[in-house]
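Please read the structure below before turning to the comments.
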2 protein chains.
Amino acid sequence: MGGKKYVSEHPIFSVTADLVVLTIRAGRLCVLLVRRGGEPFRGALALPGGFVEEDEDLVTAAHRELEEEAGVGPDDVELEQLATYGDPDRDPRGRVVTVAWVVLAAEVPEPTAGSDAAEAMWLPVDEVLDGRHGPLAFDHRVILSDGLERARAKIEYTGLAAAFCRREFTVGELRRVYEAVWGGGRELDPANFQRKVLGIEGFLKPTGNMRRDGRGRPSRTYTADRAARLMPPMTRP
Amino acid sequence: MGGKKYVSEHPIFSVTADLVVLTIRAGRLCVLLVRRGGEPFRGALALPGGFVEEDEDLVTAAHRELEEEAGVGPDDVELEQLATYGDPDRDPRGRVVTVAWVVLAAEVPEPTAGSDAAEAMWLPVDEVLDGRHGPLAFDHRVILSDGLERARAKIEYTGLAAAFCRREFTVGELRRVYEAVWGGGRELDPANFQRKVLGIEGFLKPTGNMRRDGRGRPSRTYTADRAARLMPPMTRP
DNA sequence: GCAAAAGTGTTGAGAGTACACCCATGT
DNA sequence: ACATGGGTGTACTCTCAACACTTTTGC
């Protein structure tokens with residue numbers, strides 16, 4: 001971004017894509033954050049993101065930032081538009097409107113590997129939201145909060161919880177996804193959970209394989225069967 | 001918008017607010033559309049909307065356009081952000097990103113009254129979507145389609161169906177709202193509907209008044225009791 | 001009286017919940 | 001043997017849909 005200038009007769013907006021990338025690590029729901037290296041908010045934590053380029057579609061920009069900042073390719077990831085934030089004062093550098101996206105990630109490539117940002121890290125969302133790691137830059141706390149609520153609602157009536165798992169997964173792994181995302185330390189009854197998910201048409205497709213995890217009886221594995229809408233939905237306790 | 005120019009070092013975007021304004025007329029779900037007077041898409045139908053101004057919040061811009069193009073003030077209307085559309089080719093005039101909003105309106109001021117647009121009209125959404133009134137400008141068909149689905153989903157688990165009614169309304173009027181929005185000619189059982197809505201905590205608040213509509217037994221009236229989330233939700237048949 | 005809309009009663013099917021209990025593995 | 005997690009059975013509750021039936025108005 002050197003000498004190139006742009007001129008317009010309408011008020012000028014810059015448009016950015018910001019990402020709420022969620023994953024599960026050690027049973028806890030975590031979000032990908034970067035430490036800002038420049039002003040404004042130097043040193044504060046922020047959501048990964050960046051400017052949308054000329055002739056670039058919004059969803060393409062989101063995927064590009066995801067690749068650049070987290071090293072996650074366009075496959076094996078669920079990316080959904082969250083909302084757009086455009087308060088005139090949200091960025092001290094000028095009029096910047098940001099389109100925010102929610103990303104549900106399964107594989108956890110250690111973030112610094114292949115990353116653009118000097119410091120990228122996974123932090124538990126509850127710790128971030130209660131301020132334990134300091135305030136977030138810009139209005140990113142609101143965006144994170146909205147993204148979290150979106151993810152919580154979305155896994156109720158879609159099969160997207162499977163996006164947090166590896167391609168092939170067990171019912172127990174899926175249950176721990178629901179427990180982590182819905183939070184609150186609530187545990188779901190394994191017996192009822194099993195019957196419920198297997199009873200939902202088009203949610204899970206058996207692979208015929210088994211998985212031995214060391215302790216306990218081996219379990220059957222499944223892949224996601226992409227039904228757009230779960231009928232009946234999963235219900236938050 | 002005359003000689004004023006703007007300069008930037010980032011790619012230039014213009015930002016617009018487009019509105020999917022829904023209401024119920026004669027038992028049918030209708031959307032507010034304007035006939036375009038200028039290029040591009042001259043003569044085609046389009047969603048009402050316009051450019052977001054400098055130093056104007058996004059939601060403020062949406063409310064302003066709603067006032068200008070439909071004569072609807074900020075009170076007695078439900079306005080919710082839908083999504084943002086930014087394909088590089090969606091507007092032949094340049095790089096225009098639009099933030100779309102869904103508006104649920106109760107009062108139906110005849111649109112041309114107090115309106116900016118030369119021609120504004122209410123048309124049944126099903127007729128518009130099946131192309132009976134010609135193609136919509138830009139990507140407005142997709143936006144309308146998304147907005148419709150949002151409204152259908154939203155009245156399941158929030159009390160927003162009441163936003164389609166006058167301040168004081170009957171259970172029968174509310175039932176006809178659900179029938180019109182969910183569409184498909186399905187009729188809901190009046191008896192079960194009554195028990196269901198009255199059983200939802202915080203949905204309806206009795207006024208103590210009655211309404212005589214000419215035919216049939218008079219009915220009690222209610223006002224919305226703004227519970228954020230209906231528990232249990234209404235279920236689409 | 002008759003039609004139309006509001007509102008109540010009743011009943012049977014299905015879904016969710018709690019919890020007992022069996023199965024298959026590692027240590 | 002026993003702990004651990006997978007998986008099945010069962011019984012109770014609650015909700016929902018269907019539909020018969022009563023109430024109160026206008027014509």
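Note that this is a predicted model, so its numbers are computed, not measured.
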**Study point:** Side chain of Thr235(B) - closest among dA6(C), dG6(D), dA17(D)
**Key:** dA17(D)

Please report the distance, rounded to the nearest Å, between [atom1] in [X] and [atom2] in [N].
X         : N       : atom1 : atom2 : result
Met210(B) : dT23(D) : CE    : C1'   : 11 Å
Gln194(A) : dG16(C) : CD    : C1'   : 16 Å
Arg211(A) : dT25(C) : CZ    : P     : 16 Å
Asp189(A) : dA15(C) : CG    : P     : 18 Å
Arg220(A) : dA24(C) : CZ    : P     : 10 Å
Asn192(A) : dG6(D)  : CG    : P     : 14 Å
Met231(A) : dG16(C) : CE    : P     : 11 Å
Phe193(B) : dA5(C)  : CZ    : C1'   : 15 Å

Practice item. Report the distance from atom CG of Leu19(A) to atom CD of Glu65(A), rounding to the nearest 0.5 Å. Key: 6.5 Å

Exercise for review: Could you grab the distance from atom CZ of Phe164(B) to atom CD1 of Ile155(B), nearest 0.5 Å is fine?
Suggested key: 7.0 Å

What's the shortest heavy-atom distance between [X] and [Y], and which atoms?
X         : Y         : value
Thr23(A)  : Ala106(A) : OG1-O, 3.7 Å
Leu188(B) : Glu179(B) : N-OE2, 2.9 Å
Ala224(B) : Lys205(B) : O-CE, 4.4 Å

Nucleotide N/O to protein N/O under 3.5 Å, stretch nucleotides 24-27 of chain D:
residue	atom	partner	partner atom	Å
dT24(D)	O2	Arg217(B)	N	3.3
dG26(D)	O4'	Gly214(B)	O	2.8

**Study point:** N/O (side chain, Lys196(B)) to phosphate O (OP1/OP2, dT15(D)) under 4.0 Å
**Key:** no

Review point. Is there a donor N/O on one and an acceptor N/O on the other, under 3.5 Å, for the side chain of Asp213(B) and the base of dA5(C)?
Key: no

Check your understanding: dG9(C) base to Arg195(B) side chain: any donor-acceptor pair below 3.5 Å?
Key -> yes

Check your understanding: Side-chain contact, heavy-atom cut-off 4.5 Å: Asp18(B) with Trp101(B)?
Key -> no

Check your understanding: With ring centroids as reference points, do Tyr178(A) and Phe193(A) lie under 6.0 angstrom apart?
Key -> yes

Review point. At under 4.0 Å between heavy atoms, what does Arg175(A) touch on the DNA or RNA strands: base, sugar-phosphate, or nothing?
Key: sugar-phosphate

